[in-house]
There are 2 protein chains.
Amino acid sequence: MAKKELSIEQKIKYVQDTLFVISGKWKLPIMMAVNNGNQRFRDIQRAVPNITTRVLSKELKDLEENRLLVRTVYDSLPVTITYTVTPYCKSLKPMVDEMIKWGERHRAELKKARND
Amino acid sequence: MAKKELSIEQKIKYVQDTLFVISGKWKLPIMMAVNNGNQRFRDIQRAVPNITTRVLSKELKDLEENRLLVRTVYDSLPVTITYTVTPYCKSLKPMVDEMIKWGERHRAELKKARND
DNA sequence: GATGCCAGTTACCTAAAGGATACCAACATG
DNA sequence: CATGTTGGTATCCTTTAGGTAACTGGCATC
């Protein structure tokens, strides 16, 4: 089956859908931290520089609602709570990798611009 | 030379840098429209559904300042103004392509979620 | 029994993003 | 000579994102 070619309007719509889910300063960094093995609230907070508890709490709820993270309560004593990424969240990896690459090149570009 | 492995902190920083440049509802859609050949103000406005002149104007200035677009004035009669993408802007393509792909799959995921 | 860690919540505030609407001069088109 | 197009500005307004700071209850540790 031939790969369908999307119209520019469709492409824009899909990009806006994606932006809607990931945009903001914190969602991707949080998912990256959790994916990296930082699964507990304070761990995540330490892994994501400068995020406040209030914002982290709100973002975690948001990500859970959007099925990107799962919150699990273990009834150990004291109770332990972990956040883990879903497979759906992992599907963002190729995009995130491109964002990392671009961010890296962007730093270099900024340096160049300052020296112009 | 071996490909360097970035730490999670570095990766987060680069992603945040990228987010800083592209986030918001309109920047990527505008660049996509311009790249698609919609180079004049009203063309871009028509190509990007629901954007207002005020916002488009502001975003174009922003993108120009960030060296992602170039504004050219032709002194024809009447004067014609075009916006074109820079090579730097084109370097976003792999990332944008991933965002399109993800947005497409996301729609399907949402449908699935509603039927659960 | 004071202090500290965990997982948050609450109230308050500011800045930025974005939308609605009206308007403009210069030209072109019927 | 009325109407439309082009490339925007100017005002005003609402919503959202995000930051600051204080606080809580349960448990553990010194």
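Naming convention: chains lettered A, B, ... in sequence-line order (proteins, then strands); numbering from 1 in each chain. Keep in mind that the numbers below use all heavy atoms, side chains included, and drop hydrogens, waters and symmetry copies.
Evaluation of the side-chain contact (heavy atoms from CB on, under 4.5 Å) rule for A/Thr84 yields A/Gln39, A/Val70 as partners, not counting sequence neighbours. Residues that satisfy the side chain to side chain donor-acceptor pair (under 3.5 Å) test with A/Gln16, not counting sequence neighbours, are absent from this structure. When the side-chain contact (heavy atoms from CB on, under 4.5 Å) test is applied to A/Lys11, the partners found at least two apart in sequence or on another chain are A/Glu5, A/Leu6, B/Met32, B/Ile100. Residues that satisfy the salt bridge (Lys or Arg N to Asp or Glu O under 4.0 Å) test with B/Arg107, not counting sequence neighbours, are A/Asp17. Annotation: side chain to side chain donor-acceptor pair (under 3.5 Å) contacts of A/Lys93 (sequence neighbours excluded): A/Asp97. Taking the side chain to side chain donor-acceptor pair (under 3.5 Å) definition, one finds that A/Arg46 meets it with A/Asp43, sequence neighbours left out. When the side chain to side chain donor-acceptor pair (under 3.5 Å) test is applied to A/Asn36, the partners found at least two apart in sequence or on another chain are A/Asn38.
Put simply, the side chain of A/Thr52 and the base of D/dT20 share no donor and acceptor less than 3.5 Å apart.
The CG-C1' distance, from B/Leu28 to C/dA17, rounds to 16 Å in whole Å. Taking atom CZ on A/Phe20 and atom C1' on C/dG18, their separation rounds to 14 Å, with Å as the unit. Regarding B/Ile51, its CD1 atom lies at a distance of 17 Å from the C1' atom of C/dT21, rounded to whole Å. Distance, B/Gln45 CD to D/dT9 C1': 13 Å, rounded to whole Å. Following rounding to the nearest Å, B/Leu19 (CG) and D/dG18 (C1') show an atom-to-atom distance of 15 Å. Between the C1' atom of D/dG18 and the NZ atom of A/Lys27 lies a distance of 11 Å, rounded to the nearest Å. Going from atom CG of A/Leu69 over to atom P of C/dG8 covers 12 Å, rounded to whole Å. As rounded to whole Å, 15 Å separates atom P of C/dG8 from atom CG of A/Asp62.
Residues B/Val15 and B/Ile12 fail the side-chain proximity criterion, which asks for heavy atoms closer than 4.5 Å.
Residues from residues 54-61 of chain A placing a heavy atom under 4.0 Å of any atom in DNA chain C, listed by number, are A/Arg54, A/Ser57, A/Lys61. Taking a 4.0 Å limit (strictly below) on heavy-atom distances, residues 30-38 of chain A does not reach DNA chain C anywhere. Near DNA chain C, defined here as any heavy-atom distance below 4.0 Å, the residues from residues 76-86 of chain A are A/Ile81, A/Tyr83, listed numerically.
Along DNA chain D, the nucleotide closest to A/Trp26 and the one closest to B/Asp43 are compared, and the more 5′ of them pairs with B/Asp43.
Within the structure, no pair that satisfies the salt bridge (charged side-chain N to carboxylate O under 4.0 Å, His left out) test touches residues 71-83 of chain B, not counting sequence neighbours.
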Which pairs would a plain distance check flag for residues 55-68 of chain A, meaning a side-chain donor or acceptor within less than 3.5 Å of a matching protein atom at least two apart in sequence or in another chain?
residue: A/Glu59; atom: OE1; partner: A/Lys27; partner atom: NZ; Å: 3.2
residue: A/Asn66; atom: ND2; partner: A/Asp62; partner atom: O; Å: 3.0
residue: A/Arg67; atom: NH1; partner: B/Asp116; partner atom: OD2; Å: 3.2

Margin query: Let's go through B/Trp102 and A/Leu92 carefully: what are the C-alpha distance in whole Å and the side-chain angles of both, what is the deciding distance for side chain to side chain contact (heavy atoms under 4.5 Å, CB included) to 0.1 Å, and is it a yes or a no?
Written below: CA-CA 7 Å; B/Trp102 197 85; A/Leu92 285 165; 3.3 Å; yes
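For the pair B/Arg46 and D/dT5, the criterion of a side-chain N or O lying under 4.0 Å from OP1 or OP2 is not met.
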